[in-house]
Amino acid sequence: MTEQSKRPQTTRAYIEEQIKTLQKNPDCGVTHYNLAIGLINEGKHDEAIEELRAAIDSSPTLGEAFVALGGIYFHQGDIESCLRLNEHAIRIRPRLCQPYGNIGFAYVQKGEPNKAVGYLEKAISINPDFIQAHSTLASAYFMLGRIEESIAASQRALGLDDKFAVAHNNLALAYMEQGEYQKAIEHCDKAVAYGFDVPAEFLKELEAHR
């Protein structure tokens, strides 16, 4: 039997596997974390929170559990808890790139790009292939009026994945700001083609330049 065939084929099978493992070793923080990820994938956030708290109780240095818990709170609209949990993840796992990226994203969503930039740059310094951090950094630069830097950050994201829709949308906004309408149209069309929900008002604004 190959390694691939040993893996659970569905989220439900994965969850059941973790539950069985916990029955044998209920204090395994990593297994509680793995179960939580499966529950998150099924949209069962309340159950996932319980498992992540159990993971943290069992393994207080499991930075990934704090990151995942912060992600749930972010999607529930509790940005301050998201920031607090990711900051704690940094304290216990300073070389983990995700919490820096998450904090940067949260500050962008709060409209505080000046606070976001340093975290995003740190995330990228740890993992230069962290595509979401490049893209979020582009958004932060754009909000700060640093358009050329925003364009460069988006281009770095597209260098990692040329179908990354968010980066195309960011480039469309940046080029529109510079009055480079054809480039804006090109990247807007790519953002749409790759599944990004471009705001209707921006599409309407671009339409005048087609």
Side-chain angles (χ1 to χ4, degrees), residues 11-12 14-15 18 29 32-60 62-94 96-124 126-127 130-145 150 153-154 157 164-170 172-173 191-192 194-203:
T11 301
R12 174 46 47 186
Y14 179 79
I15 288 172
Q18 303 311 310
H32 280 292
Y33 168 78
N34 290 340
L35 175 55
I37 297 304
L39 292 166
I40 290 170
N41 290 336
E42 285 202 334
K44 297 179 178 179
H45 290 162
D46 289 341
E47 293 178 45
I49 288 172
E50 291 183 14
E51 294 301 327
L52 289 169
R53 287 175 175 163
I56 290 166
D57 287 342
S58 298
S59 302
L62 186 59
E64 291 87 349
F66 289 95
V67 171
L69 187 56
I72 293 175
Y73 284 132
F74 179 86
H75 289 293
Q76 291 179 342
D78 187 352
I79 295 180
E80 294 307 318
S81 290
C82 172
L83 289 169
R84 175 176 53 80
L85 287 160
N86 279 280
E87 288 282 10
H88 186 78
I90 288 171
R91 285 194 292 274
I92 60 176
R93 293 280 302 282
L96 193 64
C97 67
Q98 286 85 359
Y100 296 99
N102 290 349
I103 291 170
F105 183 78
Y107 277 129
V108 165
Q109 295 304 303
K110 287 185 70 177
E112 300 180 51
N114 55 314
K115 293 182 179 180
V117 169
Y119 285 100
L120 294 165
E121 290 176 340
K122 180 65 174 179
I124 292 165
I126 295 171
N127 179 9
F130 193 173
I131 189 169
Q132 291 85 359
H134 286 288
S135 187
T136 306
L137 184 58
S139 296
Y141 284 149
F142 181 85
M143 293 167 72
L144 291 167
S150 177
S154 291
F164 193 59
V166 177
H168 282 294
N169 182 71
N170 288 343
L173 291 169
V192 172
Y194 297 138
F196 189 83
D197 187 14
V198 177
E201 57 270 24
F202 184 57
L203 292 172

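Residues passing the side-chain contact (heavy atoms from CB on, under 4.5 Å) test with Ala54 are His32, sequence neighbours excluded.
Within the structure, salt bridge (charged side-chain N to carboxylate O under 4.0 Å, His left out) contacts touching residues 43-53 (residues at least two apart or in different chains) are Glu42-Lys44.
Minimum interatomic distance between Val198 and Ala191 (heavy atoms only, all atoms of both residues): CG2-CB, 4.1 Å. Shown here for Ala116 and Ala140, the closest heavy-atom pair between the two residues is CB-CB, 4.4 Å. Ile126 and Cys97 get closest at one heavy-atom pair: CG2-CB, 3.9 Å. Heavy-atom minimum distance, Ala68 versus Ile37: CB-CD1, 4.2 Å. Closest heavy-atom contact between Glu64 and Tyr33: O-CE1, 3.5 Å. Heavy atoms only, all atoms of each residue included: Gly29 and Ser59 are closest at CA-OG, 3.4 Å.
You'll find the side chain of Asp197 stays beyond 4.5 Å of the side chain of Val192, heavy atoms only. Between Ile90 and Leu96 the shortest side-chain heavy-atom distance does not fall below 4.5 Å. The shortest side-chain heavy-atom distance between Ile49 and Tyr73 falls under the 4.5 Å cut-off.
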Run the numbers on Ile40 and Ile72 for side chain to side chain contact (heavy atoms under 4.5 Å, CB included), then give the verdict.
CA-CA 8 Å; Ile40 290 170; Ile72 293 175; 3.8 Å; yes

Taking it one step at a time, do Glu87 and Tyr119 satisfy side-chain hydrogen bond (donor to acceptor under 3.5 Å, both in side chains)?
CA-CA 10 Å; Glu87 288 282 10; Tyr119 285 100; 2.5 Å; yes

Dump the intermediate steps for side-chain hydrogen bond (donor to acceptor under 3.5 Å, both in side chains) on Ser150 and Asn170, then the final yes or no.
CA-CA 8 Å; Ser150 177; Asn170 288 343; over 6 Å; no

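Separation of atoms OG (Ser135) and CZ (Phe130) is listed at 11.0 Å; rounding is to 0.5 Å. In this structure, SG in Cys82 is found 8.5 Å from NE2 in His75, a value given to the nearest 0.5 Å. One distance of note links CG of Leu69 with CD1 of Ile56; it measures 5.0 Å at 0.5 Å rounding. Remark: His45 NE2 to Leu52 CG distance equals 10.5 Å, nearest 0.5 Å. Taking CG of Asn86 as the reference point, atom CG of Asn102 lies at 4.5 Å (rounded to 0.5 Å). One finds the OG atom of Ser81 at 12.5 Å from the CZ atom of Phe74 (value rounded to the nearest 0.5 Å).
Within a 6.0 Å sphere centred on CG of Asn114, other residues, nucleotides and ligands contribute more than 12 heavy atoms.
Taking the centre of each ring, His168 and Phe196 stay at or above the 6.0 Å mark.
In this structure, the side chain of Thr136 engages the main chain of Gln132 through a donor-acceptor pair within 3.5 Å. When atom types are taken as modelled, the side chain of Tyr100 and the backbone of Pro94 share a donor-acceptor pair closer than 3.5 angstrom.
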Under 3.5 Å, which donor-acceptor pairs do the side chains of residues 104-111 form with other protein atoms, sequence neighbours left out?
| unit_1 | atom_1 | unit_2 | atom_2 | d |
| --- | --- | --- | --- | --- |
| Lys110 | NZ | Glu80 | OE2 | 2.7 |
| Lys110 | NZ | Glu112 | OE2 | 3.4 |

